[in-house]
Amino acid sequence: MATNIQGVNPLFALSAFNLFFYLLTPAIVLWYIYFRMSRKQLYELASKIPGSEGLPMLGNALDFMQDPHTIFDKVYERSFEFEKNSPIKMWIGPRLLVFLTDPRDVEVILSSNVYIDKSPEYRLFEPWLGNGLLISTGDKWRAHRKLIAPTFHLNVLKSFVTLFNVNSRDTVSKLRKMGSSTFDIHDFMSECTVEILLETAMGVSKKTQKKSGFEYAAAVMKMCDILHMRHTNLWLKSDFIFNFTKYAKEQVGLLDLIHGLTNNVLAKKKEDYLKKRSQIKEVSDIPAASEEVVETISTPEVEEVPYGNSFGQSAGLKDDLDVEDDGIGEKKRVAFLDLLIECAENGVVLSDEEVREQVDTIMFEVRSEIIIK
């Protein structure tokens with residue numbers, strides 16, 4: 001009987017391989033049948049949605065292995081192939097994607113307090129945003145959402161119109177200096193957005209920041225580019241592989257800059273809060289403290305701005321959200337970061353780390369809207 005150098009009969013090796021093949025093939029077929037049957041309802045519902053089935057097994061995955069702008073253009077163009085305002089489906093391997101084109105459908109999803117679980121891709125944001133509102137789910141999301149929502153009440157936003165005007169005029173002045181040359185307005189609008197966020201939602205002066213709004217905005221854009229790259233390249237989705245690439249090192253540097261601004265803002269606001277609380281306590285300890293003294297300490301001076309409010313109660317305007325008995329007390333109508341700092345110091349709902357995560361999330365979400373627009 002013939003044997004190879006190792007003394008193993010080649011016929012025996014071949015028969016072992018055949019046995020393995022014959023066992024593996026039925027196992028794969030059975031698994032695929034089970035997989036399809038377990039998702040029967042999904043396939044039935046998907047068949048009622050217009051869209052492209054794509055290639056067998058791959059679906060439309062190849063269409064998403066391109067740069068973000070090309071992906072958006074292709075999906076946008078494909079939307080015109082179907083009935084207006086109709087949802088559209090696409091497959092990425094076994095995953096079903098449904099694109100909503102009717103604003104009424106979008107409203108149903110965004111206003112839901114039940115369907116708030118995020119897709120697996122959101123985990124790539126964790127080094128940046130931690131477990132903020134964009135990523136969190138369940139009871140934590142509901143508690144933080146309920147706490148933060150009043151800070152974006154219309155009356156709060158109205159009080160910031162003066163700052164909107166001042167920063168907008170500054171931006172216009174910068175644009176005038178560009179003359180008749182051709183330039184990208186995006187950089188100017190990004191810087192303006194960050195400066196407005198710092199002075200409104202964060203309640204700090206841009207003059208006290210070590211990094212400019214433009215530097216922060218540029219870092220956010222580069223971080224978004226890295227995230228888009230990881231979303232569209234399968235081999236970069238793995239943290240193990242990603243950490244060996246140059247993009248991982250670049251991400252660390254960008255996050256240092258982004259978190260540095262956030263930490264600087266938090267430190268300044270926390271210092272102001274503790275100082276103000278200490279002053280109020282000192283005055284309250286004085287038996288005959290006058291109302292004028294208390295008012296002077298508890299109400300910080302506001303820098304006078306040459307441009308007045310163009311909208312809001314100061315102009316005699318009111319709307320349905322100005323009604324006092326609307327479930328949102330005046331004490332809760334404070335700036336975003338002021339409320340978070342107060343809650344963290346009083347041990348209510350939020351920790352210091354969670355405050356930073358929510359600040360990073362709000363800064364990211366508002367900046368992302370500017371990028372999209």
If every non-hydrogen atom of [X] is compared with every non-hydrogen atom of [Y], which pair is closest and at what distance?
X      : Y      : result
Ile71  : Phe64  : CD1-O, 3.3 Å
Ser86  : Thr101 : O-OG1, 2.9 Å
Ser52  : Asn60  : OG-ND2, 3.1 Å
Tyr76  : Phe80  : O-CD1, 3.3 Å
Leu255 : Pro127 : CD1-O, 3.7 Å
Val156 : Pro150 : CG2-O, 3.9 Å

Have Thr137 and Asp117 got a donor and an acceptor in their side chains that come within less than 3.5 Å?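 Indeed, the side chains of Thr137 and Asp117 share at least one donor-acceptor pair under 3.5 Å.
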Asn131 and Ser136: side chain donor to acceptor below 3.5 Å: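 No, Ser136 and Asn131 have no side-chain donor paired with an acceptor closer than 3.5 Å.
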[atom2] on [Y] to [atom1] on [X], rounded to 0.5 Å:
X      : Y      : atom1 : atom2 : answer
Asn264 : Lys269 : CG    : NZ    : 13.0 Å
Glu271 : Ile341 : CD    : CD1   : 11.5 Å
Trp91  : Leu55  : CH2   : CG    : 14.0 Å
His231 : Leu236 : NE2   : CG    : 11.0 Å
Phe244 : Lys249 : CZ    : NZ    : 15.0 Å
Met65  : Thr70  : CE    : OG1   : 13.5 Å

Is the shortest side-chain heavy-atom distance between [X] and [Y] below 4.5 Å?
X      : Y      : answer
Leu337 : Leu266 : yes
Leu124 : Ile226 : no
Lys237 : Glu121 : yes
Tyr216 : Ser190 : no
Met223 : Phe364 : no
Arg123 : Lys118 : no
Val220 : Trp128 : yes
Ile88  : Ile49  : no

Above 12 or not: heavy atoms from other molecules or residues under 6.0 Å from [atom1] of [X]?
X      : atom1 : value
Tyr32  : OH    : no
Tyr247 : OH    : no
Glu107 : CD    : no
Glu44  : CD    : yes
Phe183 : CZ    : yes
Tyr43  : OH    : yes
Asp184 : CG    : yes
Gln41  : CD    : no

Spell out, yes or no, whether [X] and [Y] are grouped together once hydrophobic residues are joined by side-chain heavy atoms under 4.5 Å, including indirect joins.
X      : Y      : answer
Leu58  : Met90  : no
Tyr34  : Met57  : no
Ile116 : Leu100 : no
Trp235 : Phe242 : yes
Val359 : Leu157 : no

Is [X] reaching over with its side chain to a backbone N or O of [Y], donor-acceptor style, under 3.5 angstrom?
X      : Y      : answer
Thr262 : Ile258 : yes
Gln358 : Leu340 : no
Thr245 : Ile241 : no
Lys89  : Ala46  : yes
Thr232 : His228 : yes

[X] bridged to [Y] by N-O distance under 4.0 Å:
X      : Y      : answer
Asp170 : Lys174 : no
Lys268 : Asp272 : yes
Asp239 : Arg230 : yes

For Leu339 and Ile148, run side-chain contact (heavy atoms from CB on, under 4.5 Å): C-alpha distance rounded to whole Å, both residues' side-chain angles, the deciding distance at 0.1 Å, then the answer. CA-CA 8 Å; Leu339 176 64; Ile148 293 173; 5.7 Å; no
After noting the C-alpha distance and the side-chain angles of Lys222 and Gln251, does the key distance pass the side-chain contact (heavy atoms from CB on, under 4.5 Å) rule? CA-CA 8 Å; Lys222 292 178 181 177; Gln251 176 174 291; over 6 Å; no
Go through it in stages, so that I can follow the logic: the residues are Leu24 and Ile28, the test is side-chain contact (heavy atoms from CB on, under 4.5 Å), and I'd like the CA-CA distance, side-chain angles, deciding distance and then a yes or no. CA-CA 6 Å; Leu24 179 63; Ile28 294 177; 3.8 Å; yes
